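Working notes for the structure below.
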Amino acid sequence: MGDTQTSSKDKEVKAKESKDKGFGKEEFRAGGDVSKSKKVQRNSTLGNTEGAEKEGKGISRKKKEKLTKRENPDADLEDFVRAAQIQVKVEPEEEDFCINKKDKVKKRLREQEEPGGSLLESAKKKKKVKMEVEEAEQEPEKQRKKKKESKVKKAKKEQEGRPVSAREGGKHKKSKEEVEAAKALKIKKKEEEELQRWRWWEEEKYEDGIKWKFLEHRGPWFPAEYQRLPDNVKFYYDGKLVTLSSAAEEVAVFFAQMLDHEYTTKEVFRNNFFSDWRKEMTLEEKMIITDLNKCDFSEIYKMHKEKVEARKNQGKEEKQKTKDANQKLLEEYGYCTLDHHRERIGNFKIEPPGLFRGRGDHPKQGMLKKRIQPEDVIINCSKDSKIPQPPLGHQWKEVRCDNTVTWLASWTENVQGLCKYVMLNANSKLKGEKDWEKYEIARKLKSCVETIRTQYQADLKSKQMGIRQRAVALYFIDKLALRAGNEKEEGETADTVGCCSLRVEHISLHPELDGEKYVVEFDFLGKDCIRYYNKVPVEKAVFKNLKLFMEDKQPGDDLFDRLNTAMLNKHLHSLMAGLTAKVFRTYNASITLQQQLKELTNALDNIPEKILSYNRANRAVAILCNHQRAPPKTFEQSMANLQAKIDNRKEQLSLAKKELKQAKKDAKDHADDKLLANVFMLHAKETVDKCPWKMNCISLQMLNRTANCQLTSCSCMALLYSNRPTAVRECRKMEVSLEKIYNKTQRDKFAWAIDMTESDFVF
DNA sequence: GAGGGGGACTCAGAAATATACCA
DNA sequence: GTGGTATATTTCTGAGTCCCCCT
């Protein structure tokens, strides 16, 4: 893989360099007055920016050293990153295949017309065949080995004169008929589910902007009101007992419940909490409680821990009760009727009050998230639907009927003043349609991406600084899948950036680094305060432009001072309808997935190997998109456990080898007891055969887990960006059951892709 | 017409919960 | 079969993007 990439990358760089010949700083300066234009107001339009004075923007900001930067990824992961970046440029060779909705509908209609086969019947047949294939696929070595094991056991028992019965230890074993019946029931349930599925992708779409014609729901569910602490749980201030008012006590409980968390050690969190807590206190309480450090929440904390522990140790019955209650709640509030179809609601519960958990160094972390009342909630539903009833004694803020939006209820939260929505689940029509649309736009980009690249390459030499900045930003978005980088209000959120909001301090230029020319080193905090660290060789023209953009600027100044996301997207719109910076992320993730799957998968591999390849392909996408997570707390322990398992197997293997040798000898020596000797021989041989295979499995597991340690879940990646039809196509081509790659929720979510994708689909 | 603000949506990581696996 | 642990899945909600409307 590496060789092809390197060579293609070299070619690319050389080709670009030859294009760049003759392009230099002097020529650029002659084209536009850069020294003047550097002081241009950031938001000026591209056309009239030259020479204007920069105002207010690019004020030097303190580099926030305390931000929770993630550790540098491992060196091999960095290599993988580079590899993945190069992948982005490699285009697949196959012809485009377009999902043809009309053809699909026609196909189904044909099936419907076929004699002796209704639509439902044909779907049933199709499903049955599919399931039979999958079942056969799932009958692997494991089951064969189980059978073999049971045979050995049976032989042993018979040898010992013990009876082999269906009942052992008095436990009822399912009869063959019962097993068959359970199987049939499962299949039937699956079929019914499939038949009930709303195949919205086969229906006509509504006119532009209309999201639904009928919407009915029960309104959101509200968390229970606060219950006072039991009398034996006390709060102390400066060693003295203080009985808090209900409002102050509730907020104190929020804090006490978080005492285990790092948040409560952060100064900003503590200050914000204390300030908001005091707002909930009575005058008397305010007079007494003046210093958070003197507050003793230990009894509340202890009570909370005990509650958590008790919940963990609930008996079966209690657990079932809780489960049933949740199910009831879901049935009652978790579904709505949208255009005569029952659709699951994604978040029907109103967010409970608590302390705001802003990420990184969010300036508002620790502030009180107030309890939402029905009076804060706007309900959206059909006029002719049954209007949801507010909880007793309350009323809604407003009931409206707006079928141009997809939300069912909304409210404004108090911390950031943002709107929150109750929306449908990911497997709903409304979400699915959007998803489908997203991939269609990304596919459309494929057909014109080369033109766009040619255009921004040319723009790198533009006389206008703004256009050059736009070209460099686009180059990064395309090559590195950076996010657009909207402007944010200073002091309102954590100091994170995207492409357009990069500052001088976020990049370092290296004319030469580790044997590569024109290397740009990125180091900034992106979305969710996830660190983006990358060293990327770029084209000479890009490098020179960056050098120019950074001249006479302070570290805290904007790198692209004449560009913002609105300008960038406006330009992208002019190149292709519906194109925005975000589309490049989807596009490049899809291309990378397809390319990686093509390179890594081998039709001759076994199923675990194919799954590993699929995970590797997804990992490449995760690296490209810089999807990271904190390493799981149990990571080190679980790796040690796996290593212990391998060691154990090694011992087992050497023992089994000795046993096998002995058993062979015994079989020769004791011809009279051949059966017993054979049983032992079989057993030892099986262990000898099995151990290396198991050890290999554990090694693969370790490899997979190490690589995944700081990356988001692989299937998650495939769901977010990578093209669903691509993954579906690959599974079918490689004869890997979709169940092995995606869980039920995920399969439900992109049922449209599963249904529409043929095995020859190409992104 | 520009641009600022906010509404509506997607994306994404952490936490909670369920399930699988193993001794 | 049981209990403990690891892993997978789901839920929750914060953090982005993008577009439209108002001034």
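Lettering follows sequence order; numbering is per chain, from 1. What you see is a predicted model, and the numbers here were worked out from it, not measured in a lab.
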For this session: Describe the nucleic acid contact of A/Thr565 in one word from base, sugar-phosphate, nothing, applying a heavy-atom distance below 4.0 Å.
Result: nothing

Seminar exercise, completed: With the side chain defined as heavy atoms from C-beta on, A/Val405 is closest, among B/dT10, B/dA12, B/dC9, to B/dC9

Exercise. Quick one: are A/Leu330 and A/Lys328 in side-chain contact, heavy atoms under 4.5 Å?
Worked result: no

Exercise. Whole-Å distance between B/dA14 C1' and A/Met258 CE?
Worked result: 11 Å

Exercise. Phosphate oxygens OP1/OP2 of C/dC18: is one of them under 4.0 Å from a side-chain N or O of A/His573?
Worked result: no

For this session: Nearest whole angstrom, please: distance from the C1' of B/dA14 to the NE2 of A/His261.
Result: 8 Å

For this session: Could you work out which one of C/dG16, C/dA15, B/dC9 sits closest to the side chain of A/Lys434?
Result: B/dC9

Exercise. A/Leu525 CG to B/dA12 P: how many Å, rounded?
Worked result: 16 Å

Exercise. With respect to the side chain of A/Ala581, which nucleotide from B/dC9, B/dA15, C/dC18 is positioned closest?
Worked result: C/dC18

For this session: Give a yes-or-no answer on whether the side chains of A/Tyr301 and A/Asp260 include a donor-acceptor pair shorter than 3.5 Å.
Result: yes

Problem set entry | Below 4.0 Å: OP1/OP2 of C/dG16 and any side-chain N or O of A/Lys582 | no

Exercise. Would one find a side-chain N or O of A/Lys527 under 4.0 angstrom from OP1 or OP2 of B/dG13?
Worked result: no

For this session: Among B/dT19, B/dA8, B/dC11, find the nucleotide with the atom closest to the side chain of A/Arg400.
Result: B/dA8

Exercise. Under 4.0 Å between a side-chain N/O of A/His362 and OP1 or OP2 of C/dA15, yes or no?
Worked result: yes

Exercise. In residues 408-425 of chain A, which ones come under 4.0 Å of DNA chain C, going by heavy atoms?
Worked result: A/Gln416, A/Lys420

Exercise. Quick one: side-chain hydrogen bond (donor to acceptor under 3.5 Å, both in side chains) pairs with a partner in residues 406-419 of chain A, sequence neighbours left out?
Worked result: A/His362-A/Gln416

Problem set entry | Nucleotide nearest A/Lys323 (side chain, heavy atoms from C-beta), chosen from B/dT19, C/dT13, C/dC18 | B/dT19

Exercise. Does NZ or CZ of A/Lys429 fall inside the cone over A/Trp200's six-membered ring, less than 6.0 Å from its centre and within 45° of the axis?
Worked result: no

Exercise. Starting at the 5' end of DNA chain B and moving along, which residue's nearest nucleotide shows up first, A/Lys211 or A/Arg357?
Worked result: A/Lys211

Problem set entry | Interatomic distance where CG belongs to A/Leu355 and P belongs to C/dC12 [whole Å] | 18 Å

Exercise. Do A/Glu492 and A/Lys364 sit within salt-bridge range, that is, some charged N less than 4.0 Å from a carboxylate O?
Worked result: yes

Exercise. Within less than 4.0 Å of OP1 or OP2 of C/dT17, is there a side-chain N or O belonging to A/Asn486?
Worked result: yes

Exercise. For A/Val497, which of A/Asp558, A/Leu525, A/Leu502 qualifies under side chain to side chain contact (heavy atoms under 4.5 Å, CB included)?
Worked result: A/Leu502

For this session: Side chain of A/Trp407 only, please: which of B/dC9, C/dT17, C/dG14 is the nearest?
Result: B/dC9

Exercise. Relative to the ring of A/Phe255, is the ring of A/Phe273 parallel (under 30°), tilted (30 to 60°) or perpendicular (over 60°)?
Worked result: parallel

For this session: For A/Gln365 and B/dA14, give me the distance from atom CD to atom C1', rounded to whole Å.
Result: 15 Å

Exercise. Taking atom P of C/dT11 as reference, at what distance in whole Å does atom CZ of A/Phe348 sit?
Worked result: 8 Å

